[in-house]
Asks: 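Here's a structure for you.
Throughout, a chain's letter reflects where its sequence line sits, starting with A, and its residues are numbered from 1.
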Number of protein chains: 2
Amino acid sequence: MTDDTTTAVRAFNQSWSSRVGVLEESFLGTGRSLGASRLLFEIGREPGGAGVRELRGGLGLDSGYLSRLLRGLEREGLLEVHPDPADRRRRVATLTDRGARARAELDQRSEELAQHLVEGLSPGQRRRLGEALATAERLLRVGSVRLESIPPDAPEAVTAVRRYFAELDARFPGGFDPSDAATADVAGMAPPRGSFLVARAGETVVACGGVQPHDATTGEIKRMWVDPDWRGLGLGGRVLAELEAEVARLGYATVYLDTNGTLSEAIAMYDRAGYRPIERYNDNPYAQHWFAKSLA
Amino acid sequence: MTDDTTTAVRAFNQSWSSRVGVLEESFLGTGRSLGASRLLFEIGREPGGAGVRELRGGLGLDSGYLSRLLRGLEREGLLEVHPDPADRRRRVATLTDRGARARAELDQRSEELAQHLVEGLSPGQRRRLGEALATAERLLRVGSVRLESIPPDAPEAVTAVRRYFAELDARFPGGFDPSDAATADVAGMAPPRGSFLVARAGETVVACGGVQPHDATTGEIKRMWVDPDWRGLGLGGRVLAELEAEVARLGYATVYLDTNGTLSEAIAMYDRAGYRPIERYNDNPYAQHWFAKSLA
DNA sequence: GTCATCCTCTGACTCTAGTCAGATAAAACG
DNA sequence: CGTTTTATCTGACTAGAGTCAGAGGATGAC
């Protein structure tokens, strides 16, 4: 099984890199090095320009090397580097008009080369190729996600929960008001009787979920959320399974959770995972369904 | 449509290269450069070693550069280069035992890294990824194939036809004896009344087919062949369609072709393409089916 | 106000990858 | 047999990509 997959991965990689190698060579056809092109592309990603420090992190470059690349593009008149008014040690690079045009040209070239890659395929074959690549990409992305337990009051945890609340507010017909919930529950999800997990893709948090005590033998799962761009890849199931393991590790025998009727995907997932409806066990005004699962 | 595909291609490429970039870096982890690793891998592909000339073609390297890489690996004791007894200008590189071990280690590392790429995926997800990549690879390969008309006595045409005959010999229960056919027909497939096409993937010929005159208004398609590694991708259909276009360009109104009952895929394809069975129109001892199609 | 730290830049390197112009020896051609 | 062609090798280069050790200004902590 695994062998089959790795064989396919390796065969594909050889094919892809030989073809895309040509593609990237033509990137160089602009008379600019690949490094400079990548940089130009990255700086133009956001209209306000990019901090040198962020560029270094994002592209993984040495500070000296990056500085040299910036000087080169500056000499070409493609960008300007100014000190950041808020902290004059930092510097911010912004594209000039010429730089923006050069970037658009790069983008155009990249588009052409992708097109070159599919030329000679029938429309049906193109569609199949697009689907296959999209599927592969989603699977690759999810394969690199790692689950990690962090304190519920860590900045990343707070950000994730905030995004979760924002989504509830958008989806619930009457909106959602976090009010006290935002801060009141945090303490409950800290060890030794609670836990908070995040799923990371690289450094970005793409899913989260927490456990808090309900009573001596029951833990409650709360704040389960998956970034909309990362849904449909089984990530929710992974987080749920890991939270259940966490509940067991914390010494509870049963898991409770509640949810709103609007979140139908969630309800379906809980059902698949073996959760069964029970009576209302709390006074959460947004909850319409209450579930339990025994971990025996 | 096309836009969708190129978007998927570009998104995928970014994802893939960021992930595989890490993969290839670890290739370098052996203390050998990527170029040297590729070379080592290529030489070890066939047990008898590889001709320097073939390596140059296969890897697309400059002769000076390749020579230097070979010297480096030789110094490391991983390979030996000896003159080819048949032509002492040429040289043949063979791996030493140490070289073979180093290559096995590379292979192992590549396998591990492919595995690393799929770790964290469930068995079902792995299967889906493998399938998606295999599909994509086949489509990419076929997308890069170009059809080209060449003289039927060009070395590449002769080689392709020879491989076709070899396959017939293997597949026909009583074998196949090209005898006179090999040379006699060549003249007929030359312009202005005939034509010979090859399909190239890079420099390699992966399919071929010819047209020769049958009578004033009828052309005959012969020697249609697709490399076994390249079947099932619609290449046969493309060659056939192009041959029909060629027949029309040469001024014929009808196409004839014959085939052996063993070649069931071919018969199915002719049927799909609109060919209808007719009476025996020649004395080809290997033919059991005769088809015609009007190009009106 | 001083000192440590942070951020960026410059200069001096290295390594890989690759090109180009001959030199040399063997084979093929006439 | 001499000439041309082919196959490989050596030497001299170049460009890209990146590392490393400071220099120097700006900021933050005390």
Asks: Quick one: B:Arg38 CZ to C:dT16 P, roughly how many Å, whole number?
Replies: 15 Å
Asks: Okay, side chain of A:Arg138, backbone of A:Leu133: is any donor-acceptor separation there less than 3.5 Å?
Replies: no
Asks: Can you give one letter per nucleotide of nucleotides 6-15 of chain D, going 5' to 3': B for a protein heavy atom under 4.0 Å from the base, S for sugar-phosphate only, - for none?
Replies: BSSBBBB---
Asks: Run the side-chain contact (heavy atoms from CB on, under 4.5 Å) check on B:Leu106 and B:Leu40 step by step: do they pass?
Replies: CA-CA 9 Å; B:Leu106 271 182; B:Leu40 195 60; 4.1 Å; yes
Asks: Could you note down all residue pairs passing side-chain hydrogen bond (donor to acceptor under 3.5 Å, both in side chains) where residues 47-63 of chain A supplies at least one of them, sequence neighbours left out?
Replies: none
Asks: How close or far is atom P of C:dT8 from atom CG of A:Leu79, stated in whole angstroms?
Replies: 14 Å
Asks: Nearest-nucleotide wise, let me know which of A:Arg88 and A:Leu69 is further upstream toward the 5' end of DNA chain D.
Replies: A:Leu69
Asks: Which of parallel (below 30°), tilted (30 to 60°) and perpendicular (above 60°) describes A:Trp16 and B:Phe12?
Replies: perpendicular
Asks: Looking at A:Thr96 and A:Gly77, would you say the former's side chain and the latter's main chain have a donor-acceptor pair under 3.5 Å?
Replies: yes
Asks: Main chain of B:Phe41, side chain of B:Arg103: is a donor-acceptor contact present, judged purely on distance under 3.5 Å?
Replies: yes
Asks: Starting at atom CG of B:Leu59, determine the distance to atom P of C:dG18, rounded to an integer number of angstrom.
Replies: 10 Å
Asks: Between A:Arg90 (side chain only) and A:Asp84 (backbone N and O only), is there a donor and an acceptor less than 3.5 Å apart?
Replies: no
Asks: Between B:Glu112 and B:Gln108, is the side-chain hydrogen bond (donor to acceptor under 3.5 Å, both in side chains) condition met? List the steps.
Replies: CA-CA 6 Å; B:Glu112 275 167 23; B:Gln108 170 63 19; 2.9 Å; yes
Asks: At how many degrees, to 10°, do the end axes of the helix from C:dG1-D:dC30 to C:dG30-D:dC1 meet when each uses five pairs?
Replies: 10°
